[in-house]
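Only one structure is covered here, and it is reproduced in the block below.
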Amino acid sequence: MSQQKTIIHALELGPMENFVYLIEDTETHKTAIVDPAWDVAAIIDKANSLDLKISDILLTHSHHDHINGIEELLNHAPAKIHLLKPEYEFWSHQLDKPELHHGGDRIKLGATEISMLHTPGHTPGSACYQIDNELITGDTLFVFGCGRCDLHGGNPEQMFNTLKDMKNKLDSDMVIHPGHNYSVSETSTLAEQVEGNPFMHFEDEESFTHYRMHVHDKTRNDPYGPLSKKQMRIADLLS
Ligand SMILES: [Fe+2]
């Protein structure tokens, strides 16, 4: 059997159950760190234990709990920072020569190709990173949940359209790697999310917005488990 080209390693770090990911290119031993935060020593230890060289930093979005390790990490490894242009403009933070992208851009990490998807809703320039049939989703899509839309820059209408696009355009066997460990499982497939993620059940923007902004946080607690369309109808959460 040929060796796997890319391996995604997850580290759960910090008080908010953030997932920091190391994307390993097995051919060149290069690695990209997704959302470096909280415990940079742990990230570096993990890279060293796997004999990986940190070459890139990929940001899903600019919230503090996803970026608070950037500077410390850069002191150890001169990595290239990637994020979407609309997120950089929204953030209005100075980074040293970041690589600003548009949705659909591809980033090369040795033999690994990473596609950037623009998935606004949690923030204006939120990104997901796709490597073959794996998707690192930041705070856009959680396992059986989705990111808040009531924070600065959040927009539930955009989130509705983002999730609809994901449902319609991505393969159902896509494996989801979320930005926080808020669920009963650390990963899932898109098919499982279409079946059991309450935010995937809405047909119209208005009812999605009402549920996201006013109902969800009062009716569900993490760790999130599946909630089917039928269960939501019984609970009168879906018409
Ligand atoms: Fe966030």
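In this text, all values refer to a predicted model and were calculated from it rather than measured experimentally. In each ligand, atom 1 is the first atom listed, and ligand 1 is the first ligand listed.
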Closest approach to the Fe ion (ligand 1) by His63, given as the N, O or S atom name:
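Checking each N, O and S atom of His63, the shortest distance to the Fe ion (ligand 1) belongs to ND1.
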For N/O/S atoms only: which one belongs to Asp139 and is nearest the Fe ion (ligand 1)?
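Closest N, O or S atom of Asp139 to the Fe ion (ligand 1): OD2.
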N/O/S atom of Asp65 inside 2.8 Å of the Fe ion (ligand 1), strictly under:
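Checking Asp65: none of its N, O or S atoms is under 2.8 Å.
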Strictly under 2.8 Å, is the Fe ion (ligand 1) approached by any N, O or S atom of His122?
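Looking at His122, which is the residue asked about, there is an N, O or S atom under 2.8 Å from the Fe ion (ligand 1).
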Has Ser55 got a side-chain atom pairing as donor or acceptor with Ala79's backbone, closer than 3.5 angstrom?
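The answer is no, because no donor-acceptor pair under 3.5 Å joins these two groups.
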If you look at every heavy atom in Ile67 and Trp91, which pair is closest and at what distance?
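Looking at all heavy atoms of both residues, the closest pair is CD1-CZ2, 3.8 Å.
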Tell me which one of Thr31, Asp25, Thr28 satisfies side chain to side chain donor-acceptor pair (under 3.5 Å) with Thr112.
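Single side chain to side chain donor-acceptor pair (under 3.5 Å) partner of Thr112 among Thr31, Asp25, Thr28: Asp25.
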Is there a salt bridge (charged side-chain N to carboxylate O under 4.0 Å, His left out) between Glu205 and Lys164? Walk through the geometry before answering.
CA-CA 10 Å; Glu205 203 178 279; Lys164 193 167 80 174; over 6 Å; no
